[in-house]
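Below, each value reflects all heavy atoms present in this structure, side chains not excepted, and no hydrogens, waters or symmetry copies.
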Amino acid sequence: MQKLKTLALTGATAMLFSLGAPAIAYDGTNCKGDGNCWEAKPGYPDKIKGSKYDPKHSKTELEKQTTSMEAMEERNAKRVENFKKTGKWSY
């Protein structure tokens, strides 16, 4: 039984070291200049487009957000106009 516990403890320790090794290699403190300390993690590609990190934004979805923001600004302008006329703020 003692031998089994030792094997389990050794295996768990080996797994912790193998999973933690990449995180230890990256410390993020290699600065190119004063205040310019951003550094890509190891394995991060130089070119994002076409890589697995490419967010592949849909133009249709981005247009929805723009349209929504414009509508919100229009509503707010009407609210301000109404407030100036009546002195009451209505949502």
- For Asn76 and Arg79, what are the C-alpha separation, side-chain angles and deciding distance, and is it a side chain to side chain donor-acceptor pair (under 3.5 Å)? CA-CA 5 Å; Asn76 285 339; Arg79 288 179 182 133; 2.9 Å; yes
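Atom-to-atom distance recorded for Asp54:CG and Lys47:NZ is 10.0 Å, nearest 0.5 angstrom. To the nearest 0.5 Å, atoms CD (Glu74) and CD (Glu70) are separated by 9.0 Å.
At most 12 heavy atoms of other shown residues, nucleotides or ligands fall within 6.0 angstrom of atom CE in Met69. The number of heavy-atom neighbours closer than 6.0 Å to NZ of Lys52, taken from other residues, nucleotides and ligands shown, is 12 or below.
In this structure, Lys59 does not pair ionically with Glu63, as no charged nitrogen and carboxylate oxygen lie closer than 4.0 Å. Taking the charged nitrogens against the carboxylate oxygens, Lys64 and Glu61 do have a contact shorter than 4.0 Å, which makes a salt bridge.
Using a 4.5 Å cut-off between side-chain heavy atoms of Ile, Leu, Val, Met, Phe, Trp and Tyr, Val80 falls into a hydrophobic cluster with Phe83, Trp89, Tyr91.
Between Met72 and Arg75, some side-chain heavy-atom pair lies under the 4.5 Å cut-off.
Using cut-offs of 30° and 60° on the angle between ring planes, the pair Tyr44 and Tyr53 is tilted.
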